[in-house]
Amino acid sequence: MPELPEVEVVRAGLDPAVTGATVLGVTVLDERALTRYSGSAAQFEAALTGRVVRSAARRGKFLWMPLQPGPDDAPAADALVAHLGMSGQLLLRTPGTAAERHERVRLDIQHPEHGEFTVVFADQRTFGSLTLDTLVPTPDAAPGGLGSPDATVPSQVAHIARDPLDPAFRDLEFRTTLARKKSAIKRVLLDQSVLSGVGNIYADEALWHSRIHPGTPASALSTRAVNRLLADVRGVLERALAEGGTSFDAQYVNVNGQAGYFAHSLNAYGRTGEPCPRCGRPIVRVSFMNRSSHYCAHCQPFDKRRDRSRPVS
DNA sequence: AATGTGCCCTGAGGGC
DNA sequence: TGCCCTCAGGGCACAT
């Protein structure tokens, strides 16, 4: 559920507290939070303790905190990488706070000016994870992501495309890629190696704004349609960001545990059976790629002969 | 190479 | 009351 706007809210909340802070201690309460990490929980704790965080950075839905170089004998770890998965949260708490319900990892840090904080990684559905990773140069020599001081990304994030709000995102390359893709446009929007940061909610919203059926082959879209879609993707992401993200339940929150307000602004996602805000006909829901797609069959028409989605009873 | 499918996980909510 | 089912879905391993 956390997509680009939600993850960016977390990054922006984390950045002032962690930049320049020293990791005083690390506690792994549940090793499932380290599925992307090759070592043991003890190794993770040891490798991170004592390190100094340089910033909080983000590309798409991936977060990372570049670290200042550790001692020469320390294991190679250039950054702490976090992915929230579906239900992950990074919370800023005061030291000694009681454990969150689904707390998986706790970092105690000390900021040179703001004092001590506890960074809690909590995750109900355990699809999120933390890991330590090396940083590799970006092929285009542009900054690795928002909040990254240099042109590097964690190696595990290298295959993730830049997100559409990244100044180094290349619209032309995006159009070229879409022209070669025969997959449904909804699938392509969710492909983080094509563009990152868009998940099920904002894919449905952008397609609704652009009046494009989610099953339309990407290559069938005109240049004009792709440009409109990209503009609508950026529009929904920016508006959601301005409202602090989307939340349906207690799963997505900022670093202070507060929910965003964008759910009130959704036009298609989660509105099955409700009138389309544009034409008044009911929003329909189909199951597609093991996910739900919500759209207006009138405003977003499609040639059924090429429609790969199937109705949900 | 490109495309599509299945699975990891927990808790909420509906039906009976 | 409680049990079983479905749903939420990001990312990746795997199959074709």
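Letters A, B, ... mirror the listed sequences (proteins, then strands); counts begin at 1. Just so it is clear, the values below take in all heavy atoms, side chains as well, and ignore hydrogens, waters and symmetry mates. On a predicted model such as this, the values are computed, not experimentally measured, just so you know.
Applying the 4.0 Å criterion to OP1 and OP2 of C:dG10, one finds that A:R291 has a side-chain N or O inside that range. At B:dG4, one or more side-chain N or O atoms of A:R187 fall inside 4.0 Å of OP1 or OP2 (strictly under the cut-off). Phosphate proximity of C:dC7 to A:S292: absent, as no side-chain N or O sits under 4.0 Å from OP1 or OP2. Between C:dC12 and A:H83, no contact under 4.0 Å exists linking OP1 or OP2 to a side-chain N or O. The phosphate of B:dG4 has OP1 or OP2 within less than 4.0 Å of a side-chain N or O from A:S183. Between A:K182 and B:dA2 there is no side-chain N or O to OP1 or OP2 distance below 4.0 Å. Between C:dG11 and A:H159, no contact under 4.0 Å exists linking OP1 or OP2 to a side-chain N or O. Distances shorter than 4.0 Å separate none of the side-chain N or O atoms of A:R36 from OP1 or OP2 on B:dC8.
The pair A:D123-A:R32 fails the salt-bridge criterion, with no side-chain N (NZ, NE, NH1 or NH2) lying under 4.0 Å from an Asp/Glu carboxylate O. Salt bridge status for A:K186 with A:D204: present, with a side-chain N to carboxylate O gap under 4.0 Å. A salt bridge links A:R271 with A:E274; the closest basic N to acidic carboxylate O contact falls under 4.0 Å.
Look at CG on A:L190: it is 17 Å from P on B:dG6, rounded to the nearest Å. Between the CD atom of A:Q192 and the P atom of C:dG11 there is a distance of 5 Å, given to the nearest Å. Taking atom CG on A:D191 and atom P on B:dT3, their separation rounds to 10 Å, with Å as the unit. As rounded to whole Å, 16 Å separates atom P of B:dT10 from atom CD of A:Q89. For the pair A:D123 CG and B:dT10 C1', the interatomic distance rounds to 10 Å; values are reported in whole Å. Spacing between atom CG of A:L189 and atom P of C:dG10 amounts to 12 Å, rounded to whole angstrom units.
Under a 3.5 Å cut-off, the side chain of A:S148 and the backbone N or O of A:A57 do not form any donor-acceptor pair.
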Interface polar pairs with nucleotides 12-15 of chain B, N/O, under 3.5 angstrom:
none

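A:D166 is linked by a salt bridge (charged side-chain N to carboxylate O under 4.0 Å, His left out) to A:R162, counting only residues two or more places apart in sequence or in another chain.
Atom OG of A:S196 and atom CZ of A:R58 lie 7.5 Å apart (nearest 0.5 Å).
Applying side chain to side chain donor-acceptor pair (under 3.5 Å) to A:R54 and the options A:D150, A:D78, A:T19 leaves one that passes, A:D150.
One cannot find a donor-acceptor pair under 3.5 Å joining the base of B:dA2 and the side-chain atoms of A:R180.
Recorded end-axis angle for the helix from B:dA2-C:dT16 to B:dC16-C:dG2 stands at 50°, based on five pairs per end and rounded to 10 degrees.
In the hydrophobic clustering of ILVMFWY residues, with side-chain heavy atoms under 4.5 Å counting as a link, A:M65 and A:V153 come out apart.
Taking the six-membered ring for Trp and thresholds of 30 and 60 degrees, A:H111 and A:H114 have nearly parallel ring planes, at less than 30 degrees apart.
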